S.K.: 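First the structure, which I've put down as structure tokens, then a few questions once you've had a look.
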Amino acid sequence: MLGILLKQSFTKQKRAMALMIVSVAMGTAVTASLIALAMDIKGKVSEELRSFGANITIEPRIEGIAGIAGQRRYLREADVIKAKTIFWRHNIIGVAPFLDERVMLNAGAGEVEINARGLWLEKSLPIPGEEGSFKAGVLTVSPWWTVEGELHPYNPEGEMPEVLAGVEAARKYGLSPGRTVVIDGRRFAVSGAVETGGREDGMLIMDLAALQALKGLEGKASSVLVSALTTPMDEFAYRDPSKMSEPEYEKWYCTGYVTSIAKQLEEVFQGSRAKPIWNVAEAEGRVLERMSLLVYLLSAASLAAAALGVSTTMIASLLRRLDEIALMKSIGADSLGIIGIFIAEAFIIGLAGGLAGYVLSIWISKYIGIKVFGVALTRRLVLLPLSLASALLIAAVGSFIPIRRALRVKPAIVLKGA
Amino acid sequence: MRNGKWLAHFIRRSMAVRAGRIAVAALSVTIAAAVVVAAFGISSGIRRKLGGELKSYGANIMVSPKDGYLSERILAALERKPGIESFSAQLYGTVSVNGQAVEMIGMDFSSASSWKVEGALPAGEGEALLGVDAKDSLGLKPGDFANISAQSGDGKARVSGFVERGSAEDRAVMMPLKEAQRIAGLRGSISAVLIRSNPELITETVRTIEDMIPDAEVKTVKQVAEAEESFLGKIELLLVLVSIVVVGASSISVSSTMSATVLERTKEIALMKALGGTANNIRAFFLLEAASIGALGGLAGFASGLLVSEAVSKAAFGSFIWVPPALLPLSMGIGLSIALISSALPMRPALKQKPSAVLRGE
């Protein structure tokens with residue numbers, strides 16, 4: 001009986017049913033796309049926020065009264081690749097060693113003392129214990145650097161080493177590309193200019209090895225900047241790790257907080273002290289929380305709007321079927337029977353709409369992901385059951401009011417046509 | 001009955017007799033319009049909201065002297081300049097703390113309220129904050145007194161606490177600006193002004209300040225400014241795309257409701273025709289009805305969309321969002337067009353049907 005009725009409603013009212021399925025499909029497509037977005041948003045935004053620069057700085061540990069002005073200490077350049085061996089190695093997306101020294105520059109008008117920074121612009125390093133390589137160097141942590149010209153790796157036997165001039169230094173000392181200058185008694189070729197909007201604009205930039213050779217500091221670095229994807233700091237993360245119990249410490253150590261990643265880096269860099277760059281780390285956590293909350297709220301709102309929209313479609317379709325319901329009632333259908341028909345209809349509509357909506361959401365989320373972040377959002381299998389569930393929910397909520405209304409139909413009045 | 005009169009009469013009767021159905025149609029238009037208003041309301045305000053969150057990345061404009069120091073008097077000129085959200089002045093120098101040379105930063109601590117400090121921020125003059133690196137090397141703890149001296153002044157300051165920022169502050173001693181000026185013998189002088197400008201107005205702001213203070217170097221902090229611009233741009237694009245998708249989906253869903261209400265009235269249309277109504281009469285009647293539903297829904301949709309966007313903003317950002325008033329006409333326009341288009345489309349086949357066939361129930 002129910003089967004016949006259902007078959008009838010889907011064949012005789014093709015148009016009305018199609019409209020309802022479309023309406024459920026649209027609601028589901030939007031909801032499923034927003035859920036896909038919500039699941040990915042933290043990772044994606046976190047990657048985007050890395051364009052604000054490094055969030056961890058590693059410096060030589062200063063011990064005792066020897067003091068800030070005391071004997072200089074250095075990090076080991078060889079430790080840089082170890083950043084890729086820590087527990088959270090996959091979260092390390094940039095690492096750059098620096099050597100900062102004062103040098104004497106002679107650009108033809110006498111000697112001046114100036115800051116020089118040795119670094120790698122971009123360098124491929126092998127990943128210890130694994131196949132493949134990773135990119136290190138200042139461009140992996142500071143994407144806002146504008147470098148005009150090239151900086152070739154230092155070759156002790158080769159011809160003149162190269163130096164890039166910060167834009168201000170270039171203006172002040174006339175360091176145009178192609179010129180030859182003398183730095184600490186060695187001849188260098190000015191190979192280009194660097195603009196960063198920071199202190200580097202007043203410096204000379206050269207290959208790390210070149211400055212090391214100039215100063216007799218082979219294999220040494222004065223600081224290392226690291227850009228890492230992190231879990232936003234929460235209340236737990238702000239507790240002092242040295243006062244945590246064993247299991248708490250373990251949990252802290254194995255969560256990708258900026259502090260625990262810093263701690264792990266400190267362990268692999270000899271004689272180092274690693275600190276979060278708090279300006280960056282603090283803002284990042286807040287932005288991440290806000291963004292993911294926003295996307296979740298939007299998904300909830302769109303789910304609600306879809307359910308309401310479907311509900312109005314269903315009510316509209318019910319209103320034209322009052323005659324039918326009255327007739328069913330007058331020939332003996334009880335409330336249960338009528339509820340059964342409507343629920344079965346809603347179920348079929350939900351299922352069909354859910355499937356269509358899921359397929360649609362694959363396209364939508366792919367499009368949005370590529371358009372905004374340059375890569376499609378992760379296609380998660382869990383989205384299929386989620387889409388079906390939300391479609392059924394939309395259809396069920398949508399049919400709640402129509403069913404109640406249908407049960408109140410008085411056959412005599414409706415059939416009389418009043 | 002004259003033309004205008006019958007129309008008004010028909011619509012009044014239709015609204016009264018079919019109040020339930022009209023309400024359903026109006027509700028569905030309301031939802032679509034509300035979704036539009038909420039989606040575009042949030043995406044148009046997101047720049048400002050997230051911009052506020054990005055503030056803690058630091059200043060995006062830096063003003064420094066071309067030579068020597070700047071005069072404190074320039075600060076008054078920066079007050080209430082459009083585009084400048086906040087600014088703070090700093091003085092840099094080197095002092096000796098308990099006999100050791102340490103970088104000194106004179107600053108305003110009101111901008112440092114989010115700093116995690118061991119101890120406390122300086123409450124006023126006579127107190128100093130030390131960077132963590134200075135802590136170990138000086139062997140001091142919060143509450144201790146330190147001798148601070150420079151060429152032209154010296155004194156004792158109470159160490160209010162230690163701070164870790166992961167930057168130059170960690171090696172420095174930080175003091176209220178006035179105190180730093182006194183110790184360095186540079187009353188009224190500053191070394192830099194850190195400005196937080198509205199990211200959208202940053203180029204204009206840099207130009208204005210350059211004109212205002214000719215002896216200063218005004219630079220955009222590329223680290224903050226560029227990242228900010230690209231990040232905000234992406235998030236805005238994301239929300240606009242989401243809005244378009246949501247709006248598209250809900251208009252399709254709404255037009256299916258509206259079409260259903262016309263479809264259901266094939267009989268009515270046939271009756272009107274049988275009684276001598278021309279196609280134009282009937283069309284005018286239905287479209288006018290749809291227009292009133294659309295206008296009503298658009299208005300209600302604007303109001304409820306406003307509520308939704310404020311609720312979302314309040315929950316996600318803890319503050320209300322500014323929704324552009326231009327969304328009211330947009331909302332009305334969307335309500336009207338959805339209602340009109342989705343009733344006009346099914347009208348055509350309905351008008352083509354033969355009254356005799358429909359009325360006989362075929």
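Residue numbering restarts at 1 for every chain, and letters A, B, ... go by the order of the sequence lines. Keep in mind that this is a model prediction, so the values were computed, not measured.
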S.K.: Does B:Arg171 pair with A:Glu59 as a salt bridge, N-O distance under 4.0 Å?
M.R.: yes
S.K.: For the interface with chain B, which of A:Thr31, A:Ile41, A:Val287, A:Val24 has the highest count of heavy-atom pairs at distances below 4.5 Å?
M.R.: A:Val287
S.K.: What orientation do A:Phe52 and B:Phe231 show, parallel under 30°, tilted 30 to 60°, or perpendicular over 60°?
M.R.: perpendicular
S.K.: What's the shortest heavy-atom distance between A:Leu297 and B:Ala315, and which atoms?
M.R.: CD1-CB, 3.6 Å
S.K.: Under 4.5 Å from any heavy atom of chain B, what part of A:Val22 do you find: side chain, backbone, both or neither?
M.R.: side chain
S.K.: Can you say whether A:Ser142 sits under 4.5 Å from chain B via the side chain, the backbone, both, or neither, judging by heavy atoms?
M.R.: neither
S.K.: Of the backbone (N, CA, C, O) and the side chain (C-beta and beyond), which part of B:Glu103 lies under 4.5 Å from a heavy atom of chain A, both, or neither?
M.R.: neither
S.K.: Can you tell which part of B:Lys219 gets under 4.5 Å to a heavy atom of chain A, answering side chain, backbone, both or neither?
M.R.: side chain
S.K.: Is A:Tyr238 in contact with chain B via its backbone, its side chain, both, or neither, using a 4.5 Å heavy-atom distance?
M.R.: side chain
S.K.: At what distance, to the nearest 0.5 angstrom, does CG of A:Leu37 lie from CG of B:Leu238?
M.R.: 5.0 Å
S.K.: Counting only heavy atoms closer than 4.5 Å, note whether B:Gln223 contacts chain A via side chain, backbone, both or neither.
M.R.: both
S.K.: Start with the C-alpha gap between B:Phe317 and A:Leu294, add the side-chain angles, then the distance that decides, and say whether side chain to side chain contact (heavy atoms under 4.5 Å, CB included) holds.
M.R.: CA-CA 8 Å; B:Phe317 298 107; A:Leu294 178 71; 4.3 Å; yes
S.K.: What part of B:Ser114 gets within 4.5 angstrom of chain A, counting heavy atoms only: side chain, backbone, both, or neither?
M.R.: both
S.K.: Who wins among A:Leu49, A:Asn55, A:Leu298, A:Ile56 for the most heavy-atom pairs under 4.5 Å with chain B?
M.R.: A:Leu49
S.K.: Please look at B:Ser28 and chain A and tell me whether the side chain, the backbone, both or neither of the residue comes under 4.5 angstrom of a heavy atom of that chain.
M.R.: both
S.K.: Taking atom CH2 of A:Trp278 and atom CG of B:Asp170, what is their separation to the nearest 0.5 Å?
M.R.: 11.0 Å
S.K.: Nearest 0.5 Å, what's the CZ-CD1 distance between A:Arg290 and B:Ile235?
M.R.: 14.5 Å
S.K.: To the nearest 0.5 Å, tell me how far A:Glu284 CD sits from B:Tyr57 OH.
M.R.: 4.5 Å
S.K.: Given heavy-atom pairs under 4.5 angstrom as the criterion, report whether the side chain, backbone, both or neither of B:Leu237 touches chain A.
M.R.: both
S.K.: Report yes or no: does B:Lys222 contribute a side-chain atom to a donor-acceptor pair with the main-chain N or O of A:Thr196 at less than 3.5 Å?
M.R.: no
S.K.: Which residue out of B:Val242, B:Thr220, B:Leu27 racks up the most heavy-atom pairs below 4.5 Å with chain A?
M.R.: B:Val242
S.K.: Under a 4.5 Å cutoff for heavy-atom pairs, which residue among A:Glu168, A:Glu289, A:Glu48, A:Arg273 has the most contacts with chain B?
M.R.: A:Glu48
S.K.: With a sphere of 6.0 Å drawn around CZ of A:Arg239, does it hold more than 12 non-hydrogen atoms of other residues, nucleotides or ligands?
M.R.: yes
S.K.: Determine the option with the most heavy-atom pairs under 4.5 angstrom with chain B, choosing from A:Met20, A:Arg50, A:Glu195.
M.R.: A:Glu195
S.K.: Highest number of heavy-atom pairs under 4.5 Å with chain B: which of A:Ile368, A:Leu293, A:Asn279?
M.R.: A:Asn279
S.K.: Tell me which of these, A:Ala274, A:Ser51, A:Ala29, has more heavy-atom pairs under 4.5 Å with chain B than the rest.
M.R.: A:Ser51
S.K.: Given that the side chain runs from C-beta out, which part of A:Thr146 has a heavy atom under 4.5 Å from chain B: side chain, backbone, both or neither?
M.R.: both
S.K.: Taking atom OH of B:Tyr92 as the centre, report whether more than 12 heavy atoms of other residues, nucleotides or ligands fall under 6.0 Å from it.
M.R.: yes
S.K.: Take A:Lys275 and B:Ser167 through the test side-chain hydrogen bond (donor to acceptor under 3.5 Å, both in side chains) and record every step on the way to the result.
M.R.: CA-CA 9 Å; A:Lys275 289 183 288 193; B:Ser167 46; over 6 Å; no
S.K.: Under the 6.0 Å and 45° cation-pi test, does B:Lys234 pair with A:Phe373?
M.R.: no
S.K.: I want to check something: taking the side chain as every heavy atom from C-beta on, are B:Glu164 and A:Pro276 in contact at a cut-off of under 4.5 Å?
M.R.: yes
S.K.: Taking every heavy-atom pair that is under 4.5 Å apart, which of B:Lys116, B:Arg165, B:Glu226, B:Glu228 has the most such pairs with chain A?
M.R.: B:Arg165
S.K.: Heavy-atom cut-off 4.5 Å, strictly under: side chain, backbone, both or neither for B:Val35 against chain A?
M.R.: side chain
S.K.: Count the heavy atoms of every other residue, nucleotide or ligand shown that sit under 6.0 Å from CG of A:Asp240, and state whether that count exceeds 12.
M.R.: yes
S.K.: Using heavy-atom distances under 4.5 Å, tell me whether A:Lys44 contacts chain B through its side chain, its backbone, both, or neither.
M.R.: neither
